[in-house]
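Working notes, beginning with the structure itself.
Only heavy atoms go into these numbers, but all of them, side chains included; no hydrogens, no water, no symmetry mates.
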Amino acid sequence: LRLLMIINNLTRASFAVRKVTGSTVFPKRFCKHRWLENVTVMERALEMWSNVKAYVETVEKGQISNPRTKSYDAISKCCADELFLTKANIFISIAKELSPFLQKYQTDLPVLPFFAQDFCKMLITIMSRFLTDDTCSKLTSAAKVIKVDFSSAIIYKEMSKIDIGFVAEKLLKQLLFNKKISERDVYTIRAVTKSMLSTIVTRLVDNSPIKYAIVRNLGWLIPHNVICIPNDPCITQLKNCLKILVESKHVKDSKCDDIIRQFKDFSNESRTNPDFISFVPGTARLDTLMHSTMQKREDWVDLWGVTKKLLLLSHGQASVERGFSVNKQTMSDNMEELTIIAQRAITDHLRSIGGVQNLVMTKELLLSASSGRQKYHAYLDEERKKEEGKKKSEKRRAAFDEIDALKVKRKRVESIRTELVASSDEYAQKAESLGKIQLVAKSNALRRAAKDKEAEIKAIDEELSLKTQHMKSV
């Protein structure tokens with residue numbers, strides 16, 4: 001993420017780079033929520049990196065003025081780092097391992113039954129970069145994959161065998177051969193890569209649905225598994241799912257034996273169904289296939305009820321993440337939030353009806369469009385009223401604060417006046433009993449100070465009265 005944040009710095013400095021180098025290649029916009037753009041964004045940064053370095057060198061030579069901004073400082077620091085290109089290519093190599101899985105699950109289709117096997121396949125590929133072959137060969141199930149103990153030192157490869165990617169490995173050897181880096185730098189970059197990979201795997205497991213047992217046991221819904229012989233693994237997974245559904249009170253335990261029997265019949269009959277044999281995830285819909293085969297049979301009604309509930313489970317937030325990409329396409333400079341919302345609403349509606357050719361121009365729609373200017377002026381009036389109301393509210397809040405401050409001040413002055421009067425009376429009593437004129441002088445001085453405080457209290461009361469009247473008029 002730190003590497004990708006440099007793209008934002010490059011964007012700010014790109015016009016200066018163009019002025020110096022004449023390059024017309026600019027960095028791509030980056031949003032950390034659009035994971036699928038990580039590779040293309042970093043590849044574009046590397047594509048223009050030579051021009052960026054030329055710009056920095058020009059600044060360092062004093063041929064053009066130093067912008068003295070955080071953007072330039074960040075870029076300058078990266079240009080001085082001999083290992084920057086190696087780090088960037090390590091990032092690209094890892095991101096390319098993740099991209100196919102992310103692309104596959106950027107869909108609204110019910111693909112959760114395939115999630116466990118695809119997710120574990122991706123995790124094992126990543127773990128093979130830094131874990132021993134013996135450790136990876138033992139990861140034969142999803143439950144074993146998510147329970148890998150990364151605190152154990154024996155599961156890791158030797159530091160020299162950590163896979164950092166082909167390009168990064170080549171760059172690292174060149175830097176070492178040219179004596180631009182030391183063996184210690186090589187060791188450090190491999191150690192950091194190992195730490196990063198283990199952190200990626202840990203966070204992927206912690207933030208994905210694979211940690212739920214029901215997700216790891218949905219393989220019995222995969223068409224190719226349904227028609228396998230023998231299908232004992234599917235029966236085991238179905239039983240595990242039924243156990244979870246019974247515990248959550250979504251299925252009655254008295255129905256479980258019937259559901260298992262119905263699945264066995266369903267599996268036997270599906271082996272001759274060409275739709276199950278040729279099923280390709282992502283192109284055909286699993287819910288449509290199951291509905292067309294299960295729902296028609298009354299003797300499979302319990303099995304269809306369970307299948308329907310499980311297919312409703314979501315595999316992620318693909319629609320939300322796609323929304324960021326749609327926003328990117330519609331956004332331009334100085335665009336307000338309501339404009340983005342309106343454009344997204346139009347886009348979503350056109351998508352839901354199957355395209356602009358299916359749009360029906362109703363009377364209400366035409367009337368709404370014809371009154372657009374009127375609505376715009378009404379919106380401006382409403383915003384103006386909101387702004388005026390906000391200013392009045394701020395004035396009232398300021399007046400309340402001033403009144404509260406005056407009340408606190410009056411209370412404090414009143415406390416001081418009370419203490420002065422009490423001390424004056426005390427000195428007067430001592431002067432009367434002891435016959436000392438000095439005590440009378442002290443008593444009179446304290447009494448005069450008390451009268452000054454009374455005058456101050458009176459002034460505060462008058463100011464409070466004026467503030468209260470002014471607040472009522474605001």
Side-chain angles (χ1 to χ4, degrees), residues 1-7 28 30-47 83-107 111-112 114-142 144-148 150 155-173 189-211 215-216 281-282 315-318 321 325:
L1 180 58
R2 289 182 178 178
L3 292 177
L4 286 175
M5 292 306 292
I6 296 171
I7 304 304
K28 293 186 176 181
F30 168 66
C31 173
K32 63 183 180 180
H33 298 288
R34 291 195 290 265
W35 309 111
L36 295 180
E37 297 185 2
N38 287 352
V39 174
T40 56
V41 169
M42 183 55 74
E43 287 178 340
R44 174 61 64 83
L46 295 183
E47 182 181 348
L83 288 168
F84 174 76
L85 292 179
T86 303
K87 295 173 184 177
N89 280 284
I90 290 173
F91 174 86
I92 292 175
S93 177
I94 297 172
K96 285 183 176 180
E97 297 276 17
L98 302 173
S99 292
F101 174 83
L102 296 174
Q103 290 172 353
K104 182 176 181 178
Y105 284 86
Q106 287 287 315
T107 176
V111 292
L112 192 60
F114 307 93
F115 184 89
Q117 66 178 21
D118 291 339
F119 187 76
C120 290
K121 181 180 178 181
M122 177 192 66
L123 286 185
I124 293 173
T125 302
I126 296 174
M127 287 191 286
S128 65
R129 286 173 169 259
F130 65 103
L131 299 185
T132 62
D133 295 339
D134 183 56
T135 302
C136 293
S137 64
K138 295 178 181 178
L139 304 177
T140 56
S141 67
K144 292 181 180 180
V145 170
I146 65 174
K147 291 180 180 179
V148 175
F150 291 109
I155 66 173
Y156 293 103
K157 289 181 177 180
E158 296 178 11
M159 203 61 68
S160 60
K161 295 181 180 180
I162 299 295
D163 185 2
I164 61 174
F166 182 84
V167 178
E169 193 75 52
K170 180 181 177 182
L171 290 172
L172 205 61
K173 289 180 180 179
I189 198 73
R190 292 186 185 278
V192 171
T193 302
K194 184 185 79 170
S195 176
M196 179 179 66
L197 289 169
S198 63
T199 302
I200 288 174
V201 172
T202 301
R203 292 189 178 180
L204 283 174
V205 172
D206 291 342
N207 297 317
S208 73
I210 195 70
K211 58 187 176 182
V215 175
R216 300 194 299 270
H315 63 275
Q317 51 183 17
E321 293 179 7
S325 297

Quick check: closest heavy atoms across Arg129 and Glu97, and the distance to 0.1 Å? NH2-OE2, 3.3 Å

Heavy atoms from other residues, nucleotides or ligands near NZ of Lys170 exceed 12 (cutoff 6.0 Å): no

Rounded distance (nearest 0.5 Å) linking atom CG of Leu98 with atom OG1 of Thr125: 10.0 Å

Donor-acceptor under 3.5 Å (Lys161 side chain, Thr132 main chain): no

Does this structure show an ion pair linking Glu169 with Arg190, if we count only N-O contacts that are shorter than 4.0 Å? yes

Can you tell me how far apart CD1 (Ile189) and CE (Met196) are? Round to the nearest 0.5 Å. 8.5 Å

Point-to-point distance, once rounded to the nearest 0.5 Å, from CD of Glu43 to CZ of Phe91: 10.5 Å

Closest approach of Leu131 and Cys136, non-hydrogen atoms and distance? CB-SG, 4.0 Å

Tell me whether Ser93 contacts the main-chain N or O of Asn89 through its side chain, where contact means a donor paired with an acceptor under 3.5 Å. no

Could you report the tightest heavy-atom contact between Lys157 and Ser128, atom names first, then the distance? NZ-O, 2.7 Å

Checking Val205 against Val148 for the side chain to side chain contact (heavy atoms under 4.5 Å, CB included) test, could you report, in this order, the C-alpha distance in whole Å, the side-chain angles of both residues, the deciding distance, and whether it holds? CA-CA 11 Å; Val205 172; Val148 175; over 6 Å; no

Would you mind listing every salt bridge (Lys or Arg N to Asp or Glu O under 4.0 Å) that reaches into residues 192-210, with sequence neighbours excluded? none

State the CD-OG distance between Gln106 and Ser99, to the nearest 0.5 angstrom. 10.5 Å

Nearest 0.5 Å, please: how far is CG in Leu123 from CG in Asp118? 11.0 Å

Contact between Val145 and Met127 at the side-chain level, heavy atoms closer than 4.5 Å - yes or no? yes

Could you check whether any side-chain heavy atom of Pro209 comes within less than 4.5 Å of a side-chain heavy atom of Phe119, counting everything from C-beta outward? no

Using the six-membered ring wherever Trp is involved, compare the ring planes of Tyr105 and Phe101 and label them parallel, tilted or perpendicular (cut-offs 30° and 60°). tilted

Partners passing side-chain hydrogen bond (donor to acceptor under 3.5 Å, both in side chains) against Lys144 (at least two apart in sequence or in another chain): Thr140

Tyr156 side chain to Phe150 backbone, donor-acceptor under 3.5 Å: yes

Start with the C-alpha gap between Ile92 and Leu46, add the side-chain angles, then the distance that decides, and say whether side chain to side chain contact (heavy atoms under 4.5 Å, CB included) holds. CA-CA 10 Å; Ile92 292 175; Leu46 295 183; 3.5 Å; yes

If we ignore hydrogens and angles and just use 3.5 Å, is the side chain of Ser195 paired with the main-chain N or O of Ala191 as donor and acceptor? no

Side chain to side chain contact (heavy atoms under 4.5 Å, CB included), that's the test. Do Leu83 and Leu171 meet it? Break it down for me. CA-CA 9 Å; Leu83 288 168; Leu171 290 172; over 6 Å; no

Contact between Ile126 and Ile94 at the side-chain level, heavy atoms closer than 4.5 Å - yes or no? no

Let me confirm one number: the OG1-CD1 distance from Thr202 to Ile146, rounded to the nearest 0.5 Å. 12.0 Å

Of Leu197, Ile164, Thr193, Asp163, the residue whose pairing with Phe130 passes side-chain contact (heavy atoms from CB on, under 4.5 Å): Leu197

Grab the two heavy atoms, one from Ser208 and one from Lys211, that are nearest each other, plus how far apart they are. O-CG, 3.5 Å

Side-chain heavy atoms of Leu139 within contact of Cys120, under 4.5 Å: no

Student check: side-chain heavy atoms of Ile90 and Val192 closer than 4.5 Å: no

Between Ile210 and Arg216 the two heavy atoms that sit nearest each other are O-NH1, 3.0 Å

